[in-house]
Number of protein chains: 2
Amino acid sequence: MSEKDLDTANKIKQAASALFLEKGFGRTTTRDIASAAGVNLALVNYYFRSKEELFKTIMMETVQGFIGQLHVLMNDQHTFEEKVELFVSNYTELLKKRPDLPIFMLSEIRNHPEEMAERLGIEQIIKEAKFFQELAQRCPDGIHPVHLFMNLISMTVFPFIGKPIISVGAGMDNETFILMMEQRKQLVPQWFLSMLKPQTEG
Amino acid sequence: MSEKDLDTANKIKQAASALFLEKGFGRTTTRDIASAAGVNLALVNYYFRSKEELFKTIMMETVQGFIGQLHVLMNDQHTFEEKVELFVSNYTELLKKRPDLPIFMLSEIRNHPEEMAERLGIEQIIKEAKFFQELAQRCPDGIHPVHLFMNLISMTVFPFIGKPIISVGAGMDNETFILMMEQRKQLVPQWFLSMLKPQTEG
DNA sequence: GTCTATAAGATGATAGAC
DNA sequence: GTCTATCATCTTATAGAC
């Protein structure tokens with residue numbers, strides 16, 4: 001589907017999404033958006049009441065997509081080990097395509113904190129998930145399961161966030177970086193599982 | 001030292017730093033800065049040629065401070081294990097005080113990529129550090145040392161970055177979050193060291 | 001060094017013709 | 001739904017008095 005096939009509202013949304021991601025809300029102007037979308041300036045306000053409203057729409061959809069994957073994954077019929085592997089490889093693939101996503105979400109999220117938490121219902125998604133029930137069982141005594149989940153997310157997501165600094169620091173080109181992220185699809189689950197209680201065969 | 005004791009340039013820098021951190025470059029205006037610093041609008045441009053120049057100054061100092069610690073730490077006379085513990089506890093303390101620091105740095109860094117890399121010389125700092133030489137030795141065969149260093153940074157820093165989402169997701173108040181970060185000062189080094197080659201006594 | 005005043009331009013948003 | 005034209009406001013930055 002080429003860009004021309006999208007209707008005006010979607011052209012605007014797509015262009016705005018890229019610009020917000022790249023430059024943030026403050027540095028992006030409605031004129032930028034209209035120009036990048038190839039539509040008239042007035043149409044931005046015609047379809048979305050304001051720049052702020054357009055931003056909220058995009059942000060909600062972005063975060064929904066990000067969390068939605070998690071919801072499905074955490075409740076399907078895979079084993080615990082498979083869930084871990086899928087978690088890491090799914091998010092690695094997503095972040096290979098859209099490495100700016102986490103910073104976008106996290107840097108803008110505090111300017112719109114109220115709507116987020118409520119509409120998303122992350123809390124309930126997590127508490128109900130089978131994955132977390134099993135994680136709690138396999139968690140070493142005295143260690144809160146959230147610690148281990150933090151580690152899993154951290155080791156999966158942070159390398160993409162820190163890439164600008166890490167890859168300069170390590171003198172690493174982009175190709176090498178991607179290669180390492182591929183390796184981590186296997187490594188991170190291993191590291192993560194080794195943090196759990198020793199498991200008897202079953 | 002109260003704010004009144006600072007000279008004008010420093011009052012501006014301090015106010016601007018807080019605002020850039022809170023709202024980013026794009027959303028922060030020179031009027032905000034002057035007002036927060038309690039100085040006349042024209043003085044912002046008198047001391048720093050432009051808003052952009054002021055930002056660069058602050059950014060450089062911030063990143064320098066962040067990296068500088070690392071340089072000292074990685075080369076002093078502590079043992080490898082002590083270096084790991086100091087790394088985690090120093091940065092945890094820093095991030096407890098200024099949790100917005102990583103996102104600020106990382107979200108704005110790509111708008112000013114050229115100056116960063118060069119002036120900082122991170123690459124050289126890292127390559128020369130004793131810490132990395134020992135890390136390379138103790139790294140399991142076939143695993144690049146940078147993987148393990150990524151894990152150490154990730155597990156230390158990411159929880160602060162992801163706090164807005166994690167703490168909502170886990171239904172966690174601020175006090176509990178800080179308590180967990182305190183626990184991680186001990187836990188992260190344990191997890192990290194367990195990823196290394198088994199070590200014989202000596 | 002610090003102020004007032006203002007230039008010069010950008011920005012979000014809308015009214016009204018088509 | 002889409003355009004042009006424009007408003008009202010805000011923005012960075014500077015000139016010039018003190």
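Letters A, B, ... are given to chains in the order of the sequence lines, protein chains preceding strands, and every chain is numbered from 1.
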Checklist entry - What integer distance in Å separates A:Phe55:CZ from C:dG12:C1'? => result 16 Å
Checklist entry - With a 4.0 Å cut-off, would you call A:Arg138 and A:Glu134 a salt bridge? => result yes
Item to check | Lys/Arg-Asp/Glu bridge criterion (N-O < 4.0 Å) met for B:Lys96, B:Glu182 | outcome: yes
Item to check | Separation of atom CG in A:Asn40 from atom P in C:dG16, rounded to whole Å | outcome: 17 Å
Checklist entry - Of the candidate nucleotides D:dC3, C:dA13, D:dA13, which contains the atom at the shortest distance from the side chain of A:Leu43? => result D:dC3
Next on the checklist: What's the closest nucleotide to the side chain of A:Tyr46 if the choices are C:dG12, D:dC3, D:dT2?
Outcome noted: D:dT2
Item to check | Ion pair check, B:Lys13 and B:Glu61, cut-off under 4.0 Å | outcome: yes
Checklist entry - Given D:dT6, C:dT14, D:dT11, which nucleotide is nearest the side-chain atoms of A:Ala42? => result C:dT14
Checklist entry - Looking across every strand, which nucleic acid part, if any, lies under 4.0 Å from A:Tyr47 by heavy atom: base, sugar-phosphate, or nothing? => result sugar-phosphate
Item to check | Nearest to side-chain heavy atoms of B:Asn45, which nucleotide of C:dG12, D:dA13, C:dC3 | outcome: D:dA13
Item to check | Watson-Crick or G-U stems of DNA chain C, 3 or more pairs, under 3.5 Å, by first number | outcome: C:1-18 with D:1-18
Checklist outcome for this item: Testing D:dA13, C:dT11, D:dC3 for proximity to the side chain of A:Thr29, the answer is C:dT11
Checklist entry - Under 6.0 Å between ring centres, would you say that holds for A:Phe20 and A:Phe55? => result yes
Item to check | A:Lys185 with A:Glu93: basic N within carboxylate O range, under 4.0 Å | outcome: yes
Next on the checklist: Please report the distance, rounded to the nearest Å, between NZ in A:Lys11 and P in D:dG1.
Outcome noted: 13 Å
Item to check | Note: A:Lys23-A:Asp32 ion pair, threshold 4.0 Å (strictly below) | outcome: yes
Item to check | Candidates D:dT2, C:dA13, C:dT2 - which lies nearest the side chain of A:Arg31 | outcome: C:dA13
Next on the checklist: Looking only at the side chain of B:Ser50 (C-beta and beyond, no hydrogens), which of the listed nucleotides C:dT4, D:dA13, C:dT14 gets closest?
Outcome noted: D:dA13
Item to check | is_close_aromatic(B:Tyr91, B:Phe66), centroid dist under 6.0 Å | outcome: yes
